[in-house]
There are 2 protein chains.
Amino acid sequence: MSFFDTAGKMAIGSRLRLLTEKITEDAGKIYALFGVGLQPKWFPVFYMLANNEALTITAIAKEIGHSHVSVSKIVREMVKHGLVKEKKDKSDGRRNMVTLSAAGREVNQRLSEQCVDVGSAIEELSASATHNLWEAIGEWEFLLEQRSLLRRVMDQKKKREGQEVTIVPYSRKYQQAFRDLNEEWISTYFKMEAADYKALDNPKSHILDKGGIILVALYKEEPVGVCALIKMKDPDYDYELAKMAVSPRMQGKSIGWLLGSAIVEQARALGARNIYLESNTMLKPAISLYHKLGFQKVAGRATPYERCNIQMELIF
Amino acid sequence: MSFFDTAGKMAIGSRLRLLTEKITEDAGKIYALFGVGLQPKWFPVFYMLANNEALTITAIAKEIGHSHVSVSKIVREMVKHGLVKEKKDKSDGRRNMVTLSAAGREVNQRLSEQCVDVGSAIEELSASATHNLWEAIGEWEFLLEQRSLLRRVMDQKKKREGQEVTIVPYSRKYQQAFRDLNEEWISTYFKMEAADYKALDNPKSHILDKGGIILVALYKEEPVGVCALIKMKDPDYDYELAKMAVSPRMQGKSIGWLLGSAIVEQARALGARNIYLESNTMLKPAISLYHKLGFQKVAGRATPYERCNIQMELIF
DNA sequence: TATATTTATGTAACTGGTTACATAATTAGT
DNA sequence: ACTAATTATGTAACCAGTTACATAAATATA
């Protein structure tokens with residue numbers, strides 16, 4: 001069974017399941033060996049009851065990490081075997097108070113010997129291993145609690161894909177993409193306005209020839225994001241960041257951040273004192289991106305765009 | 001959920017199951033995230049097929065540690081999703097050869113990216129833990145392969161119970177036990193003989209008063225084993241080890257060994273040159289115990305017992 | 001060469017859990 | 001004081017595996 005050696009970490013779930021199963025199987029035999037009339041799967045519930053006067057189904061479930069349904073079933077089985085008793089709580093009609101019966105307490109006595117032997121067997125096992133499984137499980141539980149495996153994989157994916165994104169300067173072949181990517185989000189959230197058509201249809205004359213810049217983000221050769229830096233005729237501001245668009249199919253790959261920081265870098269290289277931009281508070285991810293890039297909200301100015309309800313600036 | 005902290009090692013199965021479950025759950029979401037049309041539970045089978053031209057159900061099962069039934073089901077599901085193909089083996093009509101379909105190979109391409117990200121996520125996770133779960137699992141698999149958990153617990157039990165056994169000298173109150181324990185095994189395997197009754201009914205006059213010794217093994221105050229050292233009137237032998245009996249309900253606690261070595265010790269203290277005994281080869285555990293105590297088979301001598309077919313001696 | 005054993009696979013039923021949904025009792029918010 | 005939300009529990013159906021048993025093909029053996 002070299003599978004786990006070659007398949008690597010992808011099979012960790014499978015591997016854990018197998019180990020769990022092997023241990024559970026032996027656990028069954030161990031209970032039989034000690035002649036304690038207890039099923040292994042009852043143990044967590046039984047243990048909780050042995051160490052508490054009376055507990056509700058839900059309380060047990062929460063403590064041992066099972067679903068309440070599972071606990072409910074187990075309790076039912078144990079009642080049938082005379083190990084526990086159920087009693088409705090007087091002060092709360094929903095609660096089903098479960099307690100160990102006399103027979104259950106008697107079993108608990110005998111169980112303690114088993115606990116000792118299992119404990120020392122595992123102790124001995126751990127002692128002959130260089131890596132402590134028990135501690136390792138505890139750590140994983142903790143680490144996964146902090147940030148789930150899913151989250152961690154998502155982050156890795158983003159990181160890897162981000163490395164596959166390249167930012168290149170605009171050229172004729174990206175004109176269609178420049179228009180389409182912008183039209184896509186604008187018409188999703190708002191309506192295309194006259195000023196949009198002017199800039200999107202004539203990027204060269206309206207942006208580049210006037211001393212502006214357009215950058216394109218490529219993912220596997222395909223343009224998936226664009227961003228423009230437009231020269232402003234304004235005494236207060238040198239450039240405007242505008243027409244930033246990222247394909248919705250490419251969200252979550254930091255493309256916006258890569259484009260944004262590249263454009264800011266270019267502006268700095270061009271000797272800009274500042275950058276201005278207009279947006280809408282509806283576009284939360286965009287606003288938060290601008291924040292991360294260093295932009296700050298500024299008081300209202302005139303704008304040709306109806307959809308603009310927030311204005312920001314970045315001072316170098 | 002402090003359960004695992006207090007319940008200790010007895011709950012290791014439960015704890016492993018919970019961790020496994022959490023990981024499996026996230027695994028499902030990860031497959032969804034990558035849009036690879038693969039169910040997590042298919043992975044081990046899929047992986048094996050991706051790395052081998054064609055495999056039989058059983059071969060896959062053996063390699064990934066599932067039952068063949070499970071593999072059979074998984075293959076059926078994957079066939080329905082067009083990922084694999086089945087084909088009867090021409091040279092062996094029982095074999096069902098399974099291979100990846102073109103679609104399956106295509107999925108394999110996309111899966112590789114996922115493998116990379118999952119691999120690095122787990123790598124990163126391991127790096128931030130001080131105890132290496134992966135290695136620990138490997139070690140446990142190995143150690144449990146060597147000696148199962150059941151075996152280890154059995155050994156612990158024996159050891160602990162052995163420590164609770166005390167060997168005490170015979171006194172009047174053990175006369176009944178001395179008789180009953182011996183009669184129990186003799187009449188199970190053979191028939192009580194005249195010589196038996198003589199010794200068992202009058203231990204004082206027949207054994208002790210003639211310079212012999214009787215030892216009793218107590219487990220929780222109860223006599224559970226007996227053994228006699230009888231002075232022999234023989235030029236060759238000083239003492240005979242006889243009437244050794246251990247309650248069948250107390251087997252597997254090394255009581256025989258404790259009694260035997262105590263009696264050998266006493267004989268040595270009495271200045272014996274040797275010990276003689278008679279037994280029957282049918283009683284395998286007894287013979288092997290005598291061997292462990294240092295007894296060797298000797299040639300035939302006269303004996304009052306019909307059941308005797310082997311004679312042994314221990315030379316100091 | 002006929003028969004017994006082993007091997008490959010499938011079907012049915014079980015197991016130890018789960019989620020989804022339902023219901024009744026309690027608590028909170030106006 | 002009433003309605004909405006929450007909590008405790010149960011029932012039904014599902015899930016990913018298992019074992020037990022059945023069958024057919026191949027191999028070993030007398």
Side-chain angles (χ1 to χ4, degrees), chain A residues 11 13-29 31 38-46 48 54-80 84 86-98, chain B residues 11 13-29 31 38-46 48 54-80 84 86-98:
Chain A
S14 252
R15 192 172 192 180
L16 269 173
R17 190 187 55 74
L18 237 60
L19 178 62
T20 307
E21 207 169 79
K22 190 176 285 174
I23 290 178
T24 310
E25 192 192 323
D26 266 25
K29 292 185 194 147
Y31 279 89
L38 212 60
Q39 284 188 36
K41 66 165 169 168
W42 295 348
F43 176 75
V45 175
F46 188 89
M48 288 308 298
L55 291 171
T56 65
I57 300 282
T58 321
I60 300 171
K62 199 169 291 171
E63 196 62 23
I64 69 176
H66 281 208
S67 66
H68 79 267
V69 181
S70 163
V71 174
S72 171
K73 280 183 194 170
I74 288 173
V75 165
R76 215 158 29 241
E77 286 175 32
M78 288 170 78
V79 166
K80 202 153 63 186
V84 303
E86 293 172 298
K87 199 172 69 184
K88 273 267 170 260
D89 185 347
K90 283 209 188 68
S91 69
D92 185 339
R94 297 165 303 177
R95 282 190 160 96
N96 181 359
M97 305 304 294
V98 187
Chain B
S14 251
R15 191 174 192 178
L16 269 172
R17 190 188 53 73
L18 237 60
L19 178 61
T20 307
E21 208 168 79
K22 190 177 285 174
I23 290 179
T24 309
E25 192 193 320
D26 266 25
K29 291 186 197 148
Y31 279 89
L38 212 60
Q39 285 188 36
K41 65 165 171 168
W42 295 348
F43 177 75
V45 174
F46 188 89
M48 288 308 298
L55 291 171
T56 65
I57 301 282
T58 321
I60 299 171
K62 198 168 291 172
E63 196 62 24
I64 68 176
H66 281 209
S67 67
H68 78 268
V69 181
S70 163
V71 174
S72 172
K73 281 182 194 170
I74 289 173
V75 165
R76 212 152 39 234
E77 286 175 32
M78 288 169 78
V79 165
K80 200 151 65 184
V84 304
E86 294 174 296
K87 199 172 69 184
K88 274 264 169 263
D89 185 348
K90 283 212 187 63
S91 68
D92 185 339
R94 297 166 304 177
R95 282 190 160 96
N96 181 358
M97 304 305 293
V98 187

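The sequence lines fix the lettering, A, B, ..., with proteins before strands; numbering per chain opens at 1.
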Self-check item: Letter per nucleotide, 5' to 3', of nucleotides 11-17 of chain D [B base touched, S only sugar-phosphate touched, - untouched; heavy atoms, 4.0 Å]
Solution: BBB--SB
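- Nearest heavy atoms, A:Leu38 versus A:Phe46: CD1-CD1, 3.7 Å.
- The closest donor-acceptor contact from the side chain of A:Thr20 to the backbone of A:Leu16 lies under 3.5 Å.
- Each of A:Lys90 and B:Glu25 was matched to the nucleotide of DNA chain C holding its nearest heavy atom; the match closer to the 5' end belongs to B:Glu25.
- If you measure from atom CG of A:Asp89 to atom P of D:dT7, you get 17 Å, rounded to the nearest angstrom.
- For A:Asp92 and D:dT7, the CG to C1' distance is 8 Å, given to the nearest whole Å.
- Interatomic distance, CZ of B:Arg17 versus CD1 of A:Ile23, reported as 13.0 Å (0.5 Å rounding).
- B:Thr20 comes within 4.0 angstrom of no nucleic acid atom, judged by non-hydrogen atoms across all strands.
- Each of B:Ile74, B:Val45, B:Ile57 was evaluated against B:Val98; a single residue qualifies, B:Ile57, per the side chain to side chain contact (heavy atoms under 4.5 Å, CB included) test.
- A straight line from CG of B:Leu16 to P of C:dG17 spans 13 Å, rounded to a whole angstrom.
- Under the 3.5 Å distance criterion, the side-chain polar atoms of B:Ser70 are left unmatched by any main-chain donor or acceptor of B:His66.
- In this structure, A:Ile57 atom CD1 and C:dA25 atom P are separated by 17 Å, rounded to whole Å.
- Remark: P of C:dT18 and CG of B:Leu18 are 8 Å apart, rounded to the nearest angstrom.
- Under 3.5 Å, the side chain of B:Arg94 and the base of C:dT7 form at least one donor-acceptor pair of N or O atoms.
- Comparing A:Met97 and B:Ser91 by the nucleotide of DNA chain D whose heavy atom lies nearest to each, the residue mapping closer to the 5' end is A:Met97.
- Distance, B:Arg95 CZ to D:dA26 C1': 10 Å, rounded to whole Å.
- Interatomic distance, OG1 of B:Thr24 versus NZ of B:Lys41, reported as 12.5 Å (0.5 Å rounding).
- Nucleotide D:dT23 holds its C1' atom 12 Å from the NZ atom of B:Lys88, rounded to whole Å.
- Within the model, atoms CD of B:Glu63 and CG of B:Leu55 stand 8.5 Å from one another, a figure rounded to the nearest 0.5 Å.
- Between A:Thr56 and D:dA8 there is no side-chain polar atom (N or O) within less than 4.0 angstrom of OP1 or OP2.
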